[in-house]
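Let me begin by presenting the structure, written as structure tokens, before commenting on it.
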Amino acid sequence: MCPSAEMMSSWFLLVALACGLVGAQDPSLQELNTKVQQLTTKVEELQREVSPRPQVAFSAALVETQQWTIVGPFDADKTLEFKKVVTNIGNGYDSETGIFTAPVKGLYYFRVTGIAGSNGCTNAGIIKNGKNMFAIYQTAETQAGASNGMALELEQGDRVYVQIWPNFSIADQSRLRTFTGFLVFPM
């Protein structure tokens, strides 16, 4: 049995209609492909954010004893060695030298607290690679406190420490004079 002209015409119309629908869908397929690419990019970004980030944090007190201890005054600038290490994640802080060395490039936050020593004043600075970044200063009376903090951008290997200046003293009781720092985010 041969197909009739009418049947051939119907098949032709059906094929033409199907081709037209596929052609009409092509922009939608392109939009879908673009959306898949965008979602793939977003998933890759999220995977980078979730991947392990460096963890760096330290906190130390000047002395280990709970007895009142006066340190200073000194004849010259003196790097303070905070001996009672409470936290040292990432091992950036060295209690033998009092120096924090940045293990990774990033934005770090540092805080120092202090109590005036026997002469009634304290004056110490946070030093980054030999340059004074900020300080604490107190002249009220003995056992008067001071604190200060700042965010600093560090390169890997940069060194940060607390330095007391000549003719000043500080007091501690294993928890009053502290030096703390942590990585806010790597860069």
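Note that the structure is predicted; figures quoted are calculated from it, not measured. Hydrogens, waters and symmetry mates are skipped; everything else that's a heavy atom, side chains included, is used.
Considering CG of L183 and CD1 of I89, their distance stands at 11.0 Å, rounded to 0.5 Å. Distance check: F134 CZ to R111 CZ gives 8.0 Å after rounding to the nearest 0.5 Å. The CD1 atom of I127 sits 8.0 Å away from atom OG1 of T79, with the distance rounded to the nearest 0.5 Å. Distance check, rounded to the nearest 0.5 Å: NZ of K128 to CG of L152 gives 6.0 Å.
Under a 3.5 Å cut-off, the side chain of K83 and the backbone N or O of S95 do form a donor-acceptor pair. Side chain of Q156 to backbone of P103: a donor-acceptor contact under 3.5 angstrom is found. Not one N or O on the side chain of D158 forms a donor-acceptor pair closer than 3.5 Å with the backbone of A102. The backbone N or O of Q67 lies less than 3.5 Å from a partner atom in the side chain of T69, making a donor-acceptor pair. Judged purely by atom type and a 3.5 angstrom limit, D77 has no side-chain atom pairing as donor or acceptor with the backbone of W165.
For D75, the CG atom is loosely surrounded, since the number of other residues' heavy atoms within 6.0 Å does not exceed 12.
Two rings, from F100 and F110, have their centers less than 6.0 Å apart. Between F179 and F58, a ring centre-to-centre spacing shorter than 6.0 Å is recorded.
With sequence neighbours excluded, no residue forms a salt bridge (Lys or Arg N to Asp or Glu O under 4.0 Å) with E153.
In this structure, A124 and R177 approach most closely via the heavy-atom pair CB-NH2, 3.5 Å. Contact detail for L107 and M187: the closest heavy-atom pair is N-SD, 3.7 Å. Considering all non-hydrogen atoms of both residues, F82 and L62 come closest at CD2-N, 3.5 Å. Listed here is the closest heavy atom pair of N88 and V85: CB-CG1, 3.8 Å. Heavy atoms only, all atoms of each residue included: R159 and T101 are closest at CG-OG1, 3.9 Å. Across all non-hydrogen atoms, the minimal contact from A60 to Y93 is CB-CE2, 4.0 Å.
Residues V63 and F74 fall within the same hydrophobic cluster, defined by Ile, Leu, Val, Met, Phe, Trp and Tyr side chains chained together at heavy-atom separations under 4.5 Å. Criterion: ILVMFWY side-chain heavy atoms under 4.5 Å apart, direct or through other members. Under it, F185 and F182 are part of a common hydrophobic cluster. Criterion: ILVMFWY side-chain heavy atoms under 4.5 Å apart, direct or through other members. Under it, L154 and M133 are part of a common hydrophobic cluster.
Between I126 and M150, the closest side-chain pair of non-hydrogen atoms is not below 4.5 Å.
Side-chain contact, T113 with T178: a donor N or O sits under 3.5 Å from an acceptor N or O.
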